[in-house]
> 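First, the structure itself, so that you have it in front of you.
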Amino acid sequence: MKKRILVIEDNEQNLYLIRFLLESADYEVYSAMDSYEGVLMAKSLIPDIILLDIQLPSLDGYGVAKLIRSHDLTEKIPIIAVTSYAMPGDREKAMEAGCNGYIEKPIDPETFIETMESYFTLEKNITNPEDVK
Ligand code: MN
């Protein structure tokens, strides 16, 4: 079964590129260009992964990550921040907000999928021992 990814991103060009890369790698892609719509979609779809832009107009990605982490249905979904912020401490801020990984913009089409999957694999490895119990 294809893995479902929710992409929360307000920039059409970035969304187009991310969707293209993910669909080429056989993922099923859902997208929201608005923060709150993204949170609602996360709850209804329960995707396997969420790719989250940090610079969003209504509520920033840190706020979105906190909302996703605060609901039982979505608290364990891996969230990977995708952000053009390159300030020291941004990675830490994303992690504190509940993100599992961090990919910097501009998106590199050569490494994007590999980087994303490295975080996802990490998450699976962490949760697998729980599944055995
Ligand atoms: Mn943005």
Side-chain angles (χ1 to χ4, degrees):
M1 210 171 92
K2 286 188 180 186
K3 283 199 166 54
R4 305 201 297 177
I5 303 202
L6 172 62
V7 184
I8 306 174
E9 164 68 75
D10 68 316
N11 179 288
E12 270 182 60
Q13 283 182 317
N14 284 332
L15 189 54
Y16 184 87
L17 175 59
I18 292 171
R19 177 182 283 278
F20 174 78
L21 294 171
L22 291 172
E23 286 179 348
S24 302
D26 216 27
Y27 286 95
E28 195 173 323
V29 182
Y30 298 84
S31 61
M33 294 181 79
D34 171 78
S35 312
Y36 294 101
E37 187 195 348
V39 173
L40 288 176
M41 283 179 77
K43 285 192 234 173
S44 58
L45 291 167
I46 316 294
D48 295 290
I49 310 167
I50 296 169
L51 290 177
L52 176 62
D53 181 25
I54 294 298
Q55 277 181 295
L56 291 164
S58 48
L59 174 69
D60 69 20
Y62 305 119
V64 171
K66 284 176 188 164
L67 280 182
I68 290 170
R69 285 288 170 260
S70 70
H71 290 281
D72 292 349
L73 287 173
T74 56
E75 66 180 352
K76 292 201 168 70
I77 301 171
I79 303 173
I80 299 163
V82 183
T83 176
S84 51
Y85 286 9
M87 301 288 285
D90 280 346
R91 178 183 291 266
E92 289 70 21
K93 211 171 158 190
M95 297 303 166
E96 273 169 28
C99 296
N100 304 78
Y102 183 97
I103 299 175
E104 274 182 26
K105 288 176 186 169
I107 290 159
D108 180 353
E110 298 291 318
T111 59
F112 183 77
I113 295 293
E114 193 184 334
T115 307
M116 184 196 78
E117 287 177 345
S118 73
Y119 292 122
F120 187 56
T121 306
L122 191 68
E123 185 66 18
K124 274 193 297 190
N125 289 342
I126 292 165
T127 53
N128 275 347
E130 299 288 327
D131 295 341
V132 177
K133 281 174 198 166

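Sequence positions, counted from 1, serve as the residue numbers for this chain. Values reported hereafter were calculated over all heavy atoms of this structure, with side chains retained and with hydrogens, waters and symmetry mates removed. Just so you know, these numbers come straight off a predicted model, no measurement behind them.
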> Of all heavy-atom pairs between I54 and A81, which one has the smallest distance, and what is that distance?
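So the minimum-distance heavy-atom pair works out to CD1-CB, 3.9 Å.
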> Could you give the distance from CD (E114) to CG (D108), rounded to the nearest 0.5 Å?
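Spacing of CD (E114) from CG (D108) equals 10.0 Å.
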> Would you call S84 and Q55 a side-chain contact if the rule is heavy atoms closer than 4.5 Å?
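SC-SC contact between S84 and Q55 confirmed.
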> Report yes if the side chains of R4 and L45 come closer than 4.5 Å at any heavy-atom pair, otherwise no.
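R4 reaches L45 side chain to side chain.
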> Heavy-atom distance under 4.5 Å between the side chains of I113 and L22, does that happen here?
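A side-chain contact exists here, since the closest heavy-atom pair is under 4.5 Å.
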> L73 and L67: same hydrophobic cluster, using ILVMFWY side-chain contacts below 4.5 Å?
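Looking at the clustering, L67 is in the same group as L73.
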> Which distance, rounded to the nearest 0.5 Å, do you find between the CD of E96 and the CZ of R91?
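Output value for this atom pair is 13.5 Å.
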> Tell me, do D53 and N14 make a side-chain contact under 4.5 Å, heavy atoms counted?
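The answer is no, as the side chains (C-beta and beyond) never meet within the 4.5 Å cut-off.
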> Membership question, hydrophobic clusters at under 4.5 Å side-chain separation (ILVMFWY): are F20 and L51 in the same one?
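The answer is yes; both residues are in one hydrophobic cluster.
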> Under the 3.5 angstrom rule, does the side chain of T74 hit a backbone N or O of K43 as a donor-acceptor pair?
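Not at all, since once roles are kept as given, no pair shorter than 3.5 Å links the two residues.
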> To the closest 0.5 Å, what do you measure between CG (L6) and CD1 (I49)?
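Taking CG in L6 and CD1 in I49, the distance rounds to 11.0 Å.
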> Can E9 and K105 be counted as an ion pair, charged N to O under 4.0 angstrom?
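Salt bridge: yes.
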> Any heavy-atom pair between the side chains of E12 and M33 that's under 4.5 Å?
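Answer yes - side chains close enough.
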> Specify the closest pair of heavy atoms between V29 and R19, including all atoms of both residues, with the distance to one decimal.
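So the two residues come closest at O-NH1, 3.6 Å.
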> Identify the heavy atoms of P47 and I50 that sit nearest to each other, and give their distance.
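Minimum heavy-atom separation between P47 and I50: CG-CG1, 3.7 Å.
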> Does the side chain of V7 come within less than 4.5 Å of Y27's, by heavy atoms?
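Not in contact.
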> Kindly give the heavy-atom pair with the smallest separation between I8 and S35, and that separation in Å.
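Scanning both residues, the minimum pair turns out to be CG2-CA, 4.5 Å.
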> What's the separation between atom CD in E104 and atom CG in D90, rounded to the nearest 0.5 Å?
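With rounding to 0.5 Å, CD (E104) is 8.5 Å from CG (D90).
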> Say whether, by atom type as modelled, one donor and one acceptor occur between the side chain of N100 and the main chain of I79 under 3.5 angstrom.
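Indeed, once roles are kept as given, a pair shorter than 3.5 Å links the two residues.
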> Dump the intermediate steps for side chain to side chain contact (heavy atoms under 4.5 Å, CB included) on H71 and E75, then the final yes or no.
CA-CA 6 Å; H71 290 281; E75 66 180 352; over 6 Å; no
> Which distance, rounded to the nearest 0.5 Å, do you find between the OG of S24 and the CZ of F112?
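Between S24 OG and F112 CZ, I get 12.0 Å after rounding to 0.5 Å.
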> At their closest point, which heavy atom of G61 faces which heavy atom of L52, and how far apart are they?
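That closest heavy-atom pairing would be O-CD2, 3.2 Å.
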> Side chain to side chain contact (heavy atoms under 4.5 Å, CB included), that's the test. Do E28 and I5 meet it? Break it down for me.
CA-CA 6 Å; E28 195 173 323; I5 303 202; over 6 Å; no
> Evaluate the side-chain proximity of Y36 to V64: yes if any heavy-atom separation is below 4.5 Å, no if none is.
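With C-beta onward as the side chain, the pair stays apart.
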> Between atom OG1 of T115 and atom CD of E110, what is the distance when rounded to the nearest 0.5 Å?
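So the OG1 of T115 and the CD of E110 are separated by 11.0 Å.
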> Taking all non-hydrogen atoms of both residues into account, name the closest pair between R69 and I77 and its distance.
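For R69 versus I77, the nearest heavy atoms are NH2-O, 2.8 Å.
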> With a 4.5 Å heavy-atom cut-off, do Y102 and I80 have their side chains touching?
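With C-beta onward as the side chain, the pair stays apart.
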